[in-house]
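In what follows, a structure is listed as C-alpha cells, so that the remarks can point back to it.
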Amino acid sequence: MRWTQALIPTLKETPAEAEILSHKLLLRAGLVRKLTGGLYTFLPLGLRALRKVEQIVREEMDRAGALEVLMPALQPPEIWQQSGRYETAQAVFFKARDRAKKEWILGPTHEEVITTLVAGELSSYRQLPKNFYQIQTKFRDEIRPRFGLMRAKEFIMKDAYSFDATEEGAQTSYKKMYDAYTRIFQRCGLKAMAVEADTGVMGGKFSHEFMVPAETGENEVVYCDGCNYAANIEKATSRHMMHADTGDKELPIEKFATPGVTTINALTKAPYTIAAHQQIKTLVYIVNDKPVLILLRGDHQLNEAKLTGVLGTATFRPATPDEIVDVLKAKPGSLGAVGVKDIPVYADEVLRGASAMTTGANEDGFHLRNVALGRDIHPAHWADLRTTQIGEACSNCGKPLKIQRAIEVGHVFKLGTKYSKALNALFVDEKSEQHPAIMGCYGIGVTRTLQAVIEQCNDKDGIVWPISVAPYTVCITPLTVAKDSTVMQLAEKIYNELSARGIDVIMDDRDERPGMKFKDSELVGFPIRIGIGEKSLAKGEVEIKPRGGALIPVKPDQAIEKVIELIKAG
RNA sequence: CGGGACGUAGCGUAGCUUGGUAGCGCGCUUGCUUGGGGUGCAAGAGGUCGUGAGUUCAAAUCUCACCGUCCCGACCA
C-alpha cells in the first residue's frame with residue numbers, strides 16, 4: 001500500500017470525545033471514526049488490525065476443533081420466549097419491526113439460535129462433542145456505551161458453544177477453550193490473566209474471565225502473588241478473619257443515645273469512638289417484594305453478585321427509606337437486627353461469633369452496644385457476602401491480596417443444560433435414553449480486544465503494535481519522493497521485494513517533511529520502519545527502526561534479510 | 001434512569017459574565033520557501049454559532065424546551 005493512495009487521517013490534536021488513552025489513539029492514528037455514541041466506523045487501517053485479531057481467533061478456534069458457522073444477527077423473539085430469557089434480557093435488546101409489524105430482535109448473543117440449530121441437527125451421542133463458533137456483530141442496548149470500542153452498542157464478538165454428552169466431556173471442552181483463549185491473547189501480544197468469575201444464579205465453579213490489566217478497565221481483579229489465586233472482585237473470597245478483640249461476651253446490651261448520628265463513620269468519631277469493625281452494618285433489601293436484612297461488619301461492603309448467588313435470584317434491590325421505616329420502624333442510620341423477628345436475616349461469615357458490637361437500636365437517635373451474634377442476633381443464613389478488600393488474607397495461602405483494575409476481553413462459561421432442556425437439544429445415549437446436551441459458551445470481544453491491545457501497547461509517541469496485529473508490519477519512509485531519485489528507487493525496490501515475500505508493507509510516499517513522516521509512523525505504530533534518505537545513503541546505509549527499539553543501520557542489500565529476521569524474532 | 005459538564009469551520013478552541021461586524025491555532029487550496037523529527041512567509045476557501053420557540057430595535061451571548069456528546073453513578077443508611 002502506498003500512503004498517498006490510502007486513507008490514514010492522523011490527528012495532531014485529540015478529539016474532545018475521547019477520555020482514555022486507547023480511545024484517543026484509535027482516533028488520532030486514524031483507525032476508527034465515530035458515527036454516533038457507541039457506533040464506530042472502522043477505517044482501512046483499523047479494519048486491517050481488526051482482521052488480524054479475528055484471524056488469530058479463527059486459527060486458534062479451528063486448532064481447538066471448533067467449527068465455524070455464521071448465524072443470523074436478526075432473531076425471532078419466539079426462541080427467547082422458549083428459553084425463558086425474553087423478559088430478563090429485555091433491557092439489552094435492540095428491536096426491529098418488519099412490514100407486518102412483527103417484532104424481531106437484533107441478537108445480543110446466540111445461545112437460543114445455536115441450541116435451536118443443534119436441536120434439529122444432532123440427535124446421537126455419536127455426534128458429540130461438537131463446538132460451534134462464529135465471529136459476528138452483536139447488538140446490545142448498553143446502559144452507557146463508553147470508551148470508544150470498549151463498550152459499544154454494536155461490537156464484534158467471537159462466540160462459541162460446546163455440546164457434550166457427559167460431564168467429563170463438557171469439562172474437556174471447557175478446558176480446550178480455556179487453553180485456546182490463553183494462546184489467543186498471547187498471540188495478540190496481550191498480558192492477559194484468567195480469573196475466576198462470578199456465575200450468578202447459575203451456580204457452579206466453571207467460569208473464567210480473561211482480563212487485561214489496565215487502570216481504565218471496568219472490572220476489578222483480586223489476585224495473590226503468593227499462589228495463583230485470581231478472581232473477579234464479584235467472586236473473590238478471602239480468609240474469614242474475625243478481628244482478634246471482640247471484647248467481653250458477657251456484658252449486657254446497653255442502649256445509648258446517638259442524636260444525629262446516621263453513618264458508620266460518624267460513630268467512629270468522638271464522643272463515641274467506636275471503630276468501624278466493631279459496628280454491624282444493617283442493610284434492608286427487598287427480595288421478590290419481601291424485605292430481608294443483611295448484616296455486615298461496619299467496615300465491609302456488600303457484594304451484590306455474591307448476594308445473587310446466596311439468594312438464588314437477581315430480582316432484589318435496596319429498600320427505599322419509606323420501606324425501611326415500614327419494616328423496622330426506624331430511619332436509615334439507626335437500624336439493627338436485635339429483636340427482629342419475621343424478617344430473614346443474612347449475615348456475613350465474618351460476624352460469626354462476634355461480640356461487643358455496636359448496631360442501630362431501630363429507634364431514631366439510638367444505638368445498642370455490647371451486642372453479641374448468636375446471643376442477641378440469630379441470623380437464619382450465614383454466607384460470604386462482603387466485597388474482598390485489598391490486604392485481606394488469601395484463602396489459599398494467607399498472603400495479602402492485591403487488587404488490580406482490568407478489561408474483560410474473554411469469558412468461558414459452563415452452561416449446563418438450561419438451554420438444551422428449554423430448546424430441546426436432546427440426544428440419545430448408547431442405551432437409547434434421551435438427555436439434554438451439556439453446554440458451554442465462550443465469548444471474546446474482538447473489537448474490545450483490539451482496543452485492549454492499544455491500551456496496553458503504547459508510549460508517548462503513539463501505538464506500539466505487536467507484529468501479530470499491526471495493520472502493516474513494515475513502513476518504508478523515503479525522505480525524498482521524486483521518482484527518479486536514488487532514494488525513491490531504492491525504496492521501490494525494497495517495497496517490491498518485501499511485498500513479494502508476503503510481508504504487509506506500506507510506503508510513505510507522501511511529499512512531506514521527514515519530521516512529519518516520522519511522527520505519523522510512530523503515532524500509527526508500525527512495528528518496523530525503514531528510513532531511507534540521502535544522508536544515510538551517502539554512508540551506504542538505510543535505517544531500520546523497530547518501533548520502541550533502537551535504530552539499526554544496515555547496508556541496503558541487507559535490509560530485507562534484517563527485516564525478516566526482526567519479524568521472526570517477533 | 002439520576003447527577004454533572006459540554007455543543008462556535010474537518011479537529012482543537014476564544015468570544016457568552018456586561019446582547020450590537022464571529023476570531024485564533026491546526027488541517028485544507030494556491031504561490032514562494034524549506035528539506036533528517038509536526039519548516040517559514042504570503043494569499044485564499046470553508047460557519048444554519050446543535051435544533052426550535054421566546055425576550056429584544058438587535059441573540060453565539062439572556063430565557064425555556066428538545067436533540068446530541070462526554071464523565072460519574074445507578075447501592076450500603
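Chain A is the first sequence line, chain B the second, and so forth, proteins listed ahead of strands; every chain is numbered from 1.
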Take the protein atom CD of A/E522 and the nucleotide atom P of B/G36, then report the distance between them rounded to whole Å. 16 Å
Expressed in angstrom and rounded to an integer, what is the separation of A/R510 atom CZ from B/G38 atom C1'? 10 Å
How does RNA chain B read in dot-bracket, base by base from 5' to 3', with Watson-Crick or G-U pairs under 3.5 Å and | used when the partner is on another strand? (((((((..((((......[..)))).(((((.......))))).....(((((..]....))))))))))))....
In this structure, how many angstroms lie between the C1' atom of B/C75 and the CG atom of A/L296, rounded? 12 Å
Of the nucleotides B/C76, B/G36, B/C71, which has the atom closest to the A/F147 side chain? B/C71
Scoring nucleotides 24-33 of chain B by protein non-hydrogen atoms under 4.0 Å (B base, S sugar-phosphate only, - none) yields -BS-------
Just checking A/R151: base, sugar-phosphate only, or nothing, at a heavy-atom cut-off of under 4.0 Å? nothing
When we call it a touch if two heavy atoms are under 4.0 Å apart, what does A/K281 touch: a base, just sugar-phosphate, or nothing? sugar-phosphate
Is there a side-chain contact between A/K306 and A/E234 in this structure, where contact means two heavy atoms from C-beta onward sitting under 4.5 Å apart? no
Is A/R28 touching bases, backbone alone, or none of the nucleic acid, heavy atoms closer than 4.0 Å? base
Cation-pi between A/R48 and A/Y472: NZ/CZ under 6.0 Å from ring centre and within 45° of the ring axis? yes
Does NZ or CZ of A/R352 come closer than 6.0 Å to the centre of the six-membered ring of A/W382, within 45° of the ring's axis? yes
Categorize A/A18 for me: base, sugar-phosphate, or nothing, with a 4.0 angstrom heavy-atom threshold over every strand shown. nothing
OP1 or OP2 of B/U69 under 4.0 Å from side-chain N/O of A/T36: yes
Touch class at under 4.0 angstrom, heavy-atom based, for A/T282 against every strand present: base
How many Å lie between CG on A/L523 and P on B/G37, as a whole number? 18 Å
Can you tell me how far P of B/C76 sits from CG of A/L351, to the nearest Å? 19 Å
Would you mind classifying the nucleic acid contact of A/I294 as base, sugar-phosphate or nothing, using non-hydrogen atoms under 4.0 angstrom? nothing
Need one value for A/E17: base, sugar-phosphate or nothing, where a base atom within 4.0 Å counts as base even if backbone is also close, heavy atoms only. sugar-phosphate
Would you check if the distance from the ring center of A/F93 to the ring center of A/W80 is below 6.0 Å? yes
With sequence neighbours excluded, what pairs up with A/Y285 under the ring-ring contact (aromatic ring centres under 6.0 Å, His included) test? A/F316
Salt bridge between A/D508 and A/R2, side-chain N to carboxylate O under 4.0 Å? no
Of B/G38, B/C71, B/C75, the nucleotide closest to the side chain of A/E304 is B/C75
Give me the distance, rounded to whole Å, that separates B/U63 from B/C1 when you measure between the P atoms they each carry. 25 Å
When we call it a touch if two heavy atoms are under 4.0 Å apart, what does A/L283 touch: a base, just sugar-phosphate, or nothing? base
I want to check a possible cation-pi pair here: A/R369 against A/F256, using under 6.0 Å from ring centre and within 45° of the ring axis as the test. yes
In whole Å, what is the span from the CZ atom of A/R547 to the P atom of B/G37? 17 Å
So what does A/K34 hit on the nucleic acid, given a heavy-atom distance under 4.0 Å: a base, only sugar-phosphate, or nothing? sugar-phosphate
Are any of A/R513's side-chain N or O atoms less than 4.0 Å away from OP1 or OP2 of B/U39? yes
Using atom NZ of A/K24 as one end and atom C1' of B/U69 as the other, report the distance to the nearest whole Å. 16 Å
Side chain A/S536 and base B/G36 donor-acceptor under 3.5 Å: yes
Is it the case that atom NZ in A/K95 sees more than 12 heavy atoms from other parts of the structure closer than 6.0 Å? yes
Taking the P atom of each, how far is B/G12 from B/A53, in whole Å? 28 Å
Distance-only donor-acceptor test, A/D511 side-chain atoms vs B/G35 base atoms, 3.5 Å: yes
Is NZ or CZ of A/K255 both nearer than 6.0 Å to the six-membered ring centre of A/F366 and within 45° of the ring axis? yes
Rounded to the nearest angstrom, tell me the gap between atom CD in A/Q279 and atom P in B/C76. 16 Å
So if I take residues 139-146 of chain A and measure heavy-atom distances to RNA chain B, which residues fall below 4.0 Å? A/I143, A/R144, A/R146
In whole Å, what separates the P atom of B/G25 from that of B/C32? 23 Å
Out of B/G12, B/G36, B/C70, whichever nucleotide has its closest atom nearest the side chain of A/Y40: B/C70
A/F147 ring center within less than 6.0 Å of A/H23 ring center: no
Taking any heavy-atom pair under 4.0 Å as a contact, classify A/G37: base, sugar-phosphate, or nothing. sugar-phosphate
Pairing residues for A/K545 by the salt bridge (charged side-chain N to carboxylate O under 4.0 Å, His left out) criterion, not counting sequence neighbours: none
My understanding is that only residues two or more places apart in sequence, or in another chain, count here; which of them pass salt bridge (charged side-chain N to carboxylate O under 4.0 Å, His left out) with A/E142? A/R151
